[in-house]
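Structure, as structure tokens:
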There are 4 protein chains.
Amino acid sequence: MLIHLDLEASDPIYNQLKNQIIAGIAKGELVPGERLPSVRALAQDLGINLHTVNKAYQQLKQDGFILIHRQKGVVVQPDGFPEADEEYWQGLQKTLHPLIAEAVCRGIKREEFVDLCSEIFKEFEKQGGK
Amino acid sequence: MLIHLDLEASDPIYNQLKNQIIAGIAKGELVPGERLPSVRALAQDLGINLHTVNKAYQQLKQDGFILIHRQKGVVVQPDGFPEADEEYWQGLQKTLHPLIAEAVCRGIKREEFVDLCSEIFKEFEKQGGK
Amino acid sequence: MLIHLDLEASDPIYNQLKNQIIAGIAKGELVPGERLPSVRALAQDLGINLHTVNKAYQQLKQDGFILIHRQKGVVVQPDGFPEADEEYWQGLQKTLHPLIAEAVCRGIKREEFVDLCSEIFKEFEKQGGK
Amino acid sequence: MLIHLDLEASDPIYNQLKNQIIAGIAKGELVPGERLPSVRALAQDLGINLHTVNKAYQQLKQDGFILIHRQKGVVVQPDGFPEADEEYWQGLQKTLHPLIAEAVCRGIKREEFVDLCSEIFKEFEKQGGK
DNA sequence: GTGGTCTAGACCACC
DNA sequence: GTGGTCTAGACCACA
């Protein structure tokens with residue numbers, strides 16, 4: 001799985017890394033139980049500090065996306081991912097709200113916005129083949 | 001128009017302020033040409049720092065949502081808001097991508113996600129005319 | 001409130017710090033809403049690195065014992081502490097189990113063990129006066 | 001006697017192993033003089049590293065719970081277990097202190113805590129004779 | 001001045 | 001070899 005980081009972006013590196021791993025899982029490129037590179041290996045691979053990788057891993061572990069296994073190292077959570085509870089929905093709503101407010105101001109219609117979302121969803125629904 | 005700030009949130013105050021003003025515009029609570037409170041007045045009203053209000057206003061001006069007249073004070077952009085250009089769409093896509101990736105991992109279906117978006121859109125469409 | 005760290009102990013410094021702050025809260029020495037020193041100030045005070053203090057603070061925040069307020073800085077959670085949910089009870093049971101197993105082997109009676117616990121509890125029940 | 005290890009836990013494997021053997025002794029499932037599996041046999045049985053089992057055994061020997069004979073193999077200490085000296089009590093107190101502090105913060109009453117301890121004790125008192 | 005992020009290098013516990 | 005901890009110094013966003 002390819003990971004591309006933009007070291008100039010305002011989005012922190014550890015967050016970009018975290019997001020790309022989640023995207024990898026969503027796309028099915030990373031399957032539950034699969035092993036991820038060690039912090040050191042990934043850090044060297046990406047040319048970043050090991051602590052930055054570690055921070056991403058710690059948050060993914062905290063969020064229930066990966067496990068840190070004594071023997072197997074870091075692996076994608078094999079026992080199902082955390083459900084979308086009420087708290088998550090509220091957070092999502094809070095995140096989308098300002099996004100949509102600005103979109104409305106810029107004259108974007110509901111259909112256009114929804115189409116964009118659907119397009120992004122499609123990217124993750126190819127899971128049959130891969 | 002009521003503004004509510006969460007001083008404990010990780011989202012910076014100036015950004016919350018900016019978002020709420022944009023939401024006010026999207027809802028039609030703030031109409032083009034309408035005058036906004038001065039930096040000083042708003043800062044005192046909200047009990048926050050002058051610089052914080054100023055930063056929000058500067059960014060809103062930069063994004064084309066308000067005008068800052070030396071005499072008339074601060075007014076909502078009367079000559080139409082900036083359009084959604086290609087750059088904006090790309091930014092929106094980049095923002096939505098990780099959000100949707102996580103939603104997919106948590107088992108949320110496209111339809112559920114779109115429904116949430118539509119519900120938020122409704123909040124901004126109650127205004128009849130505008 | 002006095003904080004004493006044992007830099008030689010196997011228990012990580014950030015954990016000692018975390019525990020002492022929790023103890024301070026339990027004793028009533030730190031009251032909800034009270035301000036804690038900044039990471040830098042406390043780090044210098046204790047002669048340790050600011051990241052170590054930060055780690056303790058982050059975990060306390062994560063566990064709901066403190067808030068990191070935009071203006072007031074770091075404060076003891078004013079809106080009530082996290083409840084003891086099922087998960088917490090299970091964790092506590094898991095922690096106590098091996099402790100009690102060893103105590104049994106060493107011939108300690110239930111009464112003796114419970115007395116020790118009660119004595120420790122007393123330390124936190126002085127809250128009327130302070 | 002069944003041993004269950006959680007390879008994902010933060011508690012090191014050797015420690016889990018050690019604790020479960022102590023628990024086995026406390027419950028009377030392992031009686032003084034009884035032979036334990038060899039390092040090699042147990043490691044293979046549990047699917048873990050030789051060194052891990054060895055470390056657990058060494059610590060148990062150090063703490064006086066087992067003997068390691070070059071010929072008879074590994075046996076549960078037949079001549080009585082180490083007493084609970086002053087040092088042990090102090091260590092126990094130090095371990096319980098932060099546990100109880102957190103419990104107090106979470107609103108747990110002394111009685112509830114003591115009840116939990118008593119319940120765990122019961123688990124070890126089913127043995128009639130010992 | 002605050003906390004947040006990133007880098008770099010070191011030591012240790014664990015396996 | 002792995003991850004966990006600690007230190008140190010730097011820069012930036014925020015208020």
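The figures here come from the full heavy-atom set of this structure, side chains too, leaving out hydrogens, waters and symmetry mates. Numbered from 1 within each chain, the chains take letters A, B, ... in sequence-line order.
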Can you give each donor-acceptor pair under 3.5 Å made by side-chain atoms of residues 13-24 of chain B, sequence neighbours left out, with the distance rounded to 0.1 Å?
| unit_1 | atom_1 | unit_2 | atom_2 | d |
| --- | --- | --- | --- | --- |
| B/N15 | ND2 | B/D11 | OD1 | 2.9 |
| B/Q16 | OE1 | B/D6 | N | 2.8 |
| B/Q16 | NE2 | B/D6 | O | 3.0 |
| B/Q16 | NE2 | B/D11 | O | 2.9 |
| B/K18 | NZ | B/Q59 | OE1 | 3.1 |
| B/N19 | ND2 | B/N15 | O | 3.3 |
| B/Q20 | OE1 | B/H4 | N | 3.1 |
| B/Q20 | NE2 | B/H4 | O | 2.4 |

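- Nearer the 5' end of DNA chain E, as judged by each residue's closest nucleotide, is the contact made by C/I68, out of A/P12 and C/I68.
- Nearest nucleotide to the side chain of D/I13, out of E/dA8, E/dC15, F/dA15: E/dC15.
- Each of E/dT7, E/dG3, F/dG3 was ranked by its minimum atom distance to the side chain of A/V39; first place goes to F/dG3.
- Here the P atom of nucleotide F/dA15 and the CG atom of B/D6 are 12 Å apart, to the nearest Å.
- B/L60 places none of its side-chain heavy atoms less than 4.5 Å from the side chain of B/Q77.
- The phosphate of F/dC14 has neither OP1 nor OP2 within less than 4.0 Å of any side-chain N or O from B/N49.
- For the OP1/OP2 pair of E/dG3 and a distance below 4.0 Å, the side-chain nitrogens and oxygens of C/N54 include no atom meeting the criterion.
- Whole-Å rounding puts the B/L17 CG to F/dC14 P distance at 13 Å.
- B/E87 has its side chain out of reach of B/Q90: every pair of non-hydrogen atoms, C-beta onward, lies at least 4.5 Å apart.
- With rounding to whole Å, A/Q16 atom CD is found 13 Å from E/dT5 atom P.
- Closest-nucleotide positions on DNA chain F for A/G73 and C/D11 were compared, and the one nearer the 5' end corresponds to A/G73.
- Across all strands shown, the partner of F/dG3 is E/dC12, judged by Watson-Crick or G-U wobble contacts whose two distances both fall under 3.5 Å.
- In terms of position on DNA chain E, the residue among A/L50 and A/Q59 whose nearest nucleotide sits closer to the 5' end is A/Q59.
- To the nearest angstrom, P of E/dC6 lies 12 Å from NZ of A/K18.
- Remark: C1' of E/dA10 and CG of C/L7 are 17 Å apart, rounded to the nearest angstrom.
- In this structure A/F81 satisfies the ring pair (Phe, Tyr, Trp, His ring centres under 6.0 Å) test together with A/F65, sequence neighbours excluded.
- Closest to the side chain of C/R40, out of E/dT7, F/dT7, E/dG3, is E/dG3.
- Proximity of C/Y14 to the phosphate of F/dC6: no side-chain N or O atom is located under 4.0 Å from OP1 or OP2.
- Regarding B/N15, its CG atom lies at a distance of 14 Å from the P atom of F/dA13, rounded to whole Å.
- If you take CG of C/L5 and P of F/dT7, they are 10 Å apart, rounded to a whole angstrom.
- Side-chain atoms of C/H51 come within donor-acceptor range of the base of F/dG9, with a qualifying N/O pair under 3.5 Å.
- OP1 or OP2 of E/dT7 has at least one side-chain nitrogen or oxygen of A/T52 nearer than 4.0 Å.
- Here the CG-NE2 distance, from A/L36 to A/H69, works out to 13.5 Å after rounding to the nearest 0.5 Å.
- C/L46 places its CG atom 13 Å from the P atom of F/dC6, with the value rounded to the nearest Å.
- Applying the 4.0 Å criterion to OP1 and OP2 of F/dC14, one finds that C/Q71 has every side-chain N and O outside that range.
- Here B/K55 does not reach the OP1 or OP2 of F/dA15: none of its side-chain N or O atoms lies under 4.0 Å away.
- Contact of the A/V39 side chain with the A/V74 side chain is not registered, since no non-hydrogen atoms from C-beta on lie closer than 4.5 Å.
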